[in-house]
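The structure appears right after this line, and notes come after that.
Values below: every heavy atom of this structure, side chains too, minus hydrogens, waters and symmetry copies.
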Amino acid sequence: MLIFEKSRPGRGCSMLPACDVEVKLPGERDKRERLLHLPELSEGELSRHYTEIASKSHGVNDGFYPLGSCTMKYNPKVNEDMAALPGFTEIHPLQPEHTVQGCMEVLKLLEEYLCEITGMDHMTFQPAAGAHGEFTGLLLIKKYHESRGDKKRRKIIVPDSAHGTNPASAAMAGFAVVSVPSGPDGCVDLEKLREEAGEDVAGLMLTNPNTVGLFDKNILEITDIIHDCGGLCYYDGANLNAVMGTVRPGDMGFDVIHLNLHKTFSTPHGGGGPGSGPVGCKEMLANFLPSVLVTGEETLAFTKPGQSIGEVKSFYGNFLVAVKALTYILTLGREGIPEASQNAVLNANYMMHKLKDLYTMAYDEVCMHEFVMSLSGLKKATGISAMDIAKGLLDHDIHPPTMYFPLIVEEALMVEPTETESRETLDEAVQVFRELYKLAETDAESLHNAPVSTPVTRLDEVGAARHPVLRYVFEEE
């Protein structure tokens with residue numbers, strides 16, 4: 001039940017005393033034509049409502065959350081404590097620079113660490129999310145070519161295994177998107193890439209490890225092909241959690257990168273934000289970065305690059321998210337950063353090995369932090385789809401993995417067990433996956449009806465997609 005449906009006229013939770021001065025209301029010209037729709041409930045009713053909602057949700061604090069390509073990793077509570085310090089929360093973006101030197105030092109230090117981890121030279125924290133970072137990075141590429149008078153470069157090459165936001169971001173930045181297929185090994189088809197690489201190519205967008213969980217063995221050749229034709233290489237940092245501290249995108253030949261701080265550096269994920277998608281670049285692109293950048297040594301200052309693409313968000317980005325990411329990096333240190341990514345890779349390979357005798361692996365080789373299973377064979381034999389298995393997991397308090405992605409794998413389930421999951425948790429999850437596979441063979445109908453133990457059972461997803469109800473309609477409307 002929605003909070004508006006629980007509302008009763010006259011109820012409330014305000015305990016403020018009556019106003020003891022004359023009330024001045026706005027003039028007729030400024031009055032609303034109708035009253036705001038605000039729910040009216042007592043404080044107790046309000047508290048119970050949101051507690052009930054919270055009890056019905058599932059997050060990383062509730063159980064296994066193997067959402068592939070999204071890295072739903074545990075967020076250490078010390079991050080929240082640091083971000084709640086008054087020196088960080090009780091500031092204003094328009095304060096004079098000399099009064100916020102500590103906050104500026106956070107941005108400068110985080111820039112140094114992220115540049116060291118990624119192999120970049122500069123970093124901006126203005127972008128508010130990963131896709132926003134993609135768009136920003138592409139604007140840097142666009143500005144670079146325009147600054148050289150090279151206006152014929154209007155194409156961005158995107159592999160067919162890319163995240164869906166890649167082609168969308170390229171199109172928004174005004175580029176034509178060219179898709180390049182993957183080879184049988186799940187990596188970029190080099191011959192097809194060479195065919196597309198020409199004088200009209202502005203750049204390549206690539207995720208490495210890619211979305212089937214494989215590190216592209218030809219990565220240096222890929223970036224050389226693009227550079228040889230005069231293009232730039234953009235690194236989608238969504239899967240950096242698999243390689244941070246071990247290899248650096250900058251060393252692979254990439255010129256610009258965005259990072260998902262929520263995926264790799266343990267800031268909160270989901271719920272619409274706040275997020276952060278900082279963009280790093282090599283020196284040749286630094287003059288095009290969004291303002292403002294923190295510069296200086298003893299006394300820090302904000303500066304704007306000479307040929308900046310302009311603002312992509314107000315002020316300095318979501319600052320408190322940066323505080324949380326810096327806390328995570330300082331907590332792990334130089335030794336802990338690679339250990340975290342190596343444990344993520346270990347967990348993924350452990351789970352894949354335990355399942356591959358039953359489930360068909362899309363690419364049966366050592367994976368990185370995630371692996372992809374194809375349930376096309378199971379569906380043909382039993383009628384049980386990837387969706388059915390995912391729904392069955394809900395009855396075992398396991399959040400489903402990513403379904404039907406990447407698109408190049410039929411009936412795909414993408415599983416990402418993050419580095420903080422214990423072996424016991426992985427073993428329990430493996431057992432559930434195996435039980436569901438057997439159930440598909442012996443009682444398929446039960447999986448068609450799953451989930452049955454959750455607050456909301458199997459939904460009519462086709463109906464919801466075709467006839468979405470996107471807003472609450474009040475009676476007087």
Using a strict 4.0 Å threshold on nitrogen-to-oxygen distance, state whether Glu410 and Lys380 make a salt bridge.
->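 No.
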Answer yes or no: is there an ion pair linking Lys324 with Glu80, defined by an N-O contact shorter than 4.0 Å?
-> yes
Not counting sequence neighbours, which residues clear ring-ring contact (aromatic ring centres under 6.0 Å, His included) with Tyr316? List them please.
->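 Expected list: Phe302.
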With Phe215 via ring-ring contact (aromatic ring centres under 6.0 Å, His included) - residues at least two apart | none
More than 12 heavy atoms of other residues, nucleotides or ligands under 6.0 Å from [atom1] of [X]: is that the case?
X: Glu43; atom1: CD; value: no
X: Glu105; atom1: CD; value: no
X: Leu35; atom1: CG; value: no

Which residues share a side chain to side chain contact (heavy atoms under 4.5 Å, CB included) with [X], sequence neighbours left out:
X: Asn210; answer: Ser161, Val212, Leu214
X: Glu445; answer: Asp443, His448, Asn449
X: Glu428; answer: none
X: Pro468; answer: Leu470

Does any donor atom in the side chain of [X] or [Y] lie under 3.5 Å from an acceptor atom in the other side chain?
X: Glu419; Y: Ser341; result: no
X: Ser69; Y: Glu416; result: no
X: Ser182; Y: Asp160; result: yes
X: His49; Y: Lys6; result: yes

Mind checking salt bridge (Lys or Arg N to Asp or Glu O under 4.0 Å) for Lys356 and listing every partner two or more places apart, or none if nothing turns up?
-> Asp364
Any residue meeting side chain to side chain donor-acceptor pair (under 3.5 Å) with [X], in chain and number order, not counting sequence neighbours:
X: His122; value: Glu283
X: Thr165; value: Glu134
X: His353; value: none

Could you give the side-chain donor-acceptor pairs of residues 327-335 under 3.5 Å, partners two or more places apart or in another chain?
{"residue": "Thr327", "atom": "OG1", "partner": "Val323", "partner atom": "O", "Å": "2.8"}
{"residue": "Tyr328", "atom": "OH", "partner": "Lys73", "partner atom": "NZ", "Å": "3.1"}
{"residue": "Thr331", "atom": "OG1", "partner": "Thr327", "partner atom": "O", "Å": "2.7"}

Shortest non-hydrogen pair, Leu110 vs Ala322, comes out as CD2-O, 3.5 Å
For the student: nearest non-hydrogen atoms of Lys108 and Val294, plus distance = CB-CG1, 3.9 Å
Ignoring hydrogens and geometry, is there a side-chain-to-backbone donor-acceptor pair from Asn318 to Ser276 under 3.5 Å?
-> no
Any pair counted as side-chain hydrogen bond (donor to acceptor under 3.5 Å, both in side chains), so long as it reaches residues 59-68, sequence neighbours left out =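 Only Tyr65-His399 qualify under side-chain hydrogen bond (donor to acceptor under 3.5 Å, both in side chains).
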